[in-house]
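Data first, discussion second: the structure below is written as structure tokens.
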Amino acid sequence: MSAVPPGLPSTPVNPTSPAPLATDPLTTQAPPVEEMIDLPRGKELDTVAATKLQVARPVRMIVLAGPVASGKTTLLNTVNDLFQEGKIDADSFSGSMTLPAFEERCHPSRTASERAAQETGHTQLTDARYLHVRVSEVDLNLDPVDLLFTDISGETFEDARNSIPECQELTFLRTADHFLLVLDCEKIVDLKKRNKVIHEAMGILRQCLDSEMLSSSCFVNVLWAKYDWIAASNDAEHKSFLQKAMKEFQDQFASRVGKLSFTEVAARPDRGDLKLGHGIPELLKNWVVTSPGHREMKLVPEGTGDRESEKFLDRHFNAVRGS
Ligand SMILES: Nc1nc2c(ncn2[C@@H]2O[C@H](COP(=O)(O)OP(=O)(O)OP(=O)(O)O)[C@@H](O)[C@H]2O)c(=O)[nH]1
Ligand SMILES: [Mg+2]
């Protein structure tokens with residue numbers, strides 16, 4: 001019997017029979033469809049998705065930092081709730097890649113949840129998660145702006161305050177345009193707790209700066225959250241305490257950041273006369289209009305010398321300034 005050379009069939013091929021099929025359609029499954037459309041689920045973005053968005057278009061990164069239960073997530077929920085009713089001052093909702101994630105967070109505060117009181121669930125300790133909102137100015141003077149918010153548990157910031165390596169894990173800090181330091185006024189009206197609230201919040205901000213995670217050009221906004229507790233107390237002493245705390249923040253941090261400001265916020269007041277979302281329109285306007293990325297071009301030179309050409313420039317720019 002003659003040996004069959006390698007690579008040739010071991011049975012003779014009849015040239016008149018039909019060519020064999022590569023696969024038998026009756027016994028094999030259809031090959032997988034290669035181009036499946038991956039529809040977005042609308043859940044929170046993870047760090048990879050957030051980074052892709054930041055690379056694809058200009059995005060404002062807004063970090064909400066603060067201890068457990070200070071009111072970070074409720075603030076985000078209220079931004080979503082206010083947009084359900086229409087525009088917020090001059091800003092209108094122009095889309096979100098994470099609407100289902102917003103709705104999930106808002107559910108416990110809605111009547112449909114059948115809870116007796118409005119609630120916000122404690123944010124779980126997970127990797128960084130981001131929520132997205134696109135905002136347009138009503139008179140369209142500006143292009144729509146993409147806002148990316150962190151929704152991180154308070155424990156994460158409490159751990160970061162106590163440990164440089166933990167703080168250095170929070171890589172989203174590096175791209176923060178606005179850093180919101182959320183302080184809980186419910187605790188500030190408690191004379192035994194109020195100094196600790198300020199001390200701990202300053203500890204978070206100091207650690208983020210000392211670890212070189214937060215840029216010195218970042219805009220830092222200290223939020224007096226749950227301000228309804230102060231407004232409803234009618235005690236002038238609480239307001240004078242806040243004044244002293246603001247002075248202390250100014251002394252310690254104003255020279256270390258791009259801008260330091262303070263805002264009274266009551267995202268979901270449950271006492272006194274403040275309306276839902278007190279302070280939020282002002283915040284939103286600030287996020288949309290201002291960014292550390294905006295710098296004055298300074299086209300007009302400042303000083304001139306004694307040379308004739310410099311005196312000419314001086315006369316020219318004086319005319320420009322005067323016009
Ligand atoms: N009175 C009052 N309560 C508020 C306000 N904002 C939030 N709260 C309540 O404060 C509690 C904590 O709010 P969260 O938004 O969950 O706080 P958080 O900072 O996200 O907390 P963690 O996720 O645990 O870090 C909830 O019970 C809210 O209902 C407010 O403006 N006024
Ligand atoms: Mg939360």
Side-chain angles (χ1 to χ4, degrees), residues 43-45 62-82 88 98 101-111 113-131 148-162 166-167 170 172-173 178-190 193-194 196-198 200-201 203-205 208 221-235 238 242 262-284:
K43 297 290 178 139
E44 303 88 347
L45 304 183
I62 298 158
V63 171
L64 286 104
V68 170
S70 51
K72 302 179 291 297
T73 306
T74 309
L75 195 156
L76 294 178
N77 290 349
T78 304
V79 171
N80 182 45
D81 283 339
L82 293 178
I88 304 179
T98 55
F102 269 114
E103 288 301 312
E104 243 171 43
R105 283 166 173 71
C106 289
H107 182 71
S109 69
R110 301 232 169 105
T111 322
S113 73
E114 296 184 0
R115 283 181 168 75
Q118 296 188 342
E119 279 176 29
T120 306
H122 167 60
T123 306
Q124 298 303 312
L125 200 58
T126 56
D127 293 340
R129 292 280 181 267
Y130 307 83
L131 294 166
L148 208 50
F149 298 96
T150 61
D151 186 23
I152 312 279
S153 78
E155 283 107 325
T156 305
F157 289 102
E158 290 174 6
D159 292 346
R161 188 187 66 226
N162 298 322
E166 297 265 358
C167 190
L170 310 182
F172 54 83
L173 289 171
H178 295 267
F179 180 87
L180 312 182
L181 190 58
V182 183
L183 280 79
D184 184 347
C185 289
E186 181 177 352
K187 292 197 176 128
I188 287 178
V189 296
D190 182 337
K193 292 184 183 161
R194 65 185 190 177
K196 192 165 173 243
V197 172
I198 305 295
E200 290 182 347
I204 293 174
L205 179 54
C208 295
N221 193 349
V222 177
L223 303 188
W224 302 117
K226 308 189 200 173
Y227 192 79
D228 46 311
W229 281 85
I230 304 261
S233 80
N234 269 330
D235 185 346
H238 294 316
L242 294 193
F262 303 88
T263 309
E264 297 162 6
V265 181
R268 195 196 295 145
D270 63 8
R271 65 207 56 236
D273 305 329
L274 300 184
K275 282 199 291 188
L276 178 86
H278 172 84
I280 288 183
E282 181 193 333
L283 287 178
L284 187 67

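Both counts, for ligands and for their atoms, begin at 1 and track the order of listing.
- Residue-level proximity to ligand 1 for S153 is carried by the backbone, the only part with a heavy atom below 4.0 angstrom.
- Under 4.0 angstrom from ligand 1, the non-hydrogen atoms of D228 all belong to its side chain.
- Close contacts of ligand 1 with D270, meaning ligand atoms under 4.0 Å from a residue heavy atom, involve 1 (N).
- Below 3.5 Å of separation, one finds an N or O of G71 facing an N or O of ligand 1.
- When the heavy-atom distances from atom 31 (O) of ligand 1 to R268, E186, R105 are ranked, the shortest goes to R268.
- Summarising the contacts of atom 8 (N) of ligand 1 with H278, K226, R271, the nearest heavy atom is found in K226.
- Taking distance alone, with nitrogen or oxygen atoms compared against 3.5 Å, D151 stays at or beyond that limit from ligand 1.
- Considering T74, D184, D270 in turn, D184 is the only one that fulfils the side-chain hydrogen bond (donor to acceptor under 3.5 Å, both in side chains) rule with K226.
- For the ligand labelled ligand 1, residue W229 lies inside the 4.0 Å heavy-atom shell.
- Pairing each heavy atom of L276 with each of P269, the nearest pair is CA-CD, 3.8 Å.
- Here E186 does not pair with R271 in a salt bridge; the nearest charged N to carboxylate O distance is not below 4.0 Å.
- By the 3.5 Å distance cut-off applied to N or O atoms, T73 is counted among the residues near ligand 1.
- The shortest non-hydrogen separation linking I152 to A128 is CD1-CA, 3.7 Å.
- Ligand-side atoms of ligand 1 in range of A267: 31 (O), range being under 4.0 angstrom from any heavy atom.
- When every heavy atom of L75 is checked against every heavy atom of I280, the shortest pair comes out as O-CD1, 4.0 Å.
- Contact of the V222 side chain with the F262 side chain is registered, since non-hydrogen atoms from C-beta on lie closer than 4.5 Å.
- Of all protein atoms, those that are N, O or S and lie under 2.8 Å from the Mg ion (ligand 2) total 2.
- In this structure, W229 and C185 approach most closely via the heavy-atom pair CB-O, 3.9 Å.
- In terms of N/O distances under 3.5 Å, ligand 1 is approached by G154.
- For a threshold of 3.5 Å applied to N or O pairs, the pair formed by I152 and ligand 1 contains no separation below that value.
- The shortest N/O to N/O separation between A69 and ligand 1 falls below 3.5 Å.
- Residue contacts with ligand 1 leave out G66, since none of its heavy atoms falls under 4.0 Å from the ligand.
- For D235, the side-chain contact (heavy atoms from CB on, under 4.5 Å) criterion is met by S233, E237, H238, not counting sequence neighbours.
- Interface of T74 with ligand 1, defined as ligand atoms under 4.0 Å from a residue heavy atom, comprises 6 (N), 7 (C), 13 (O), 14 (P), 15 (O), 28 (C).
- Ring geometry for F172 versus Y130: interplanar angle over 60°, hence perpendicular rather than tilted (30 to 60°).
- Screening R161, K187, K72, E158 against P67 for a side-chain contact (heavy atoms from CB on, under 4.5 Å) leaves a single residue, E158.
- Just one residue in the list L148, T98, N77 forms a side-chain contact (heavy atoms from CB on, under 4.5 Å) with L131, and that residue is T98.
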Checklist entry - Under the side chain to side chain contact (heavy atoms under 4.5 Å, CB included) criterion, do W224 and I230 qualify, and how do the steps go? => result CA-CA 9 Å; W224 302 117; I230 304 261; over 6 Å; no

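- A salt bridge does not link D81 to R268: none of the charged nitrogens lies less than 4.0 Å from a carboxylate oxygen.
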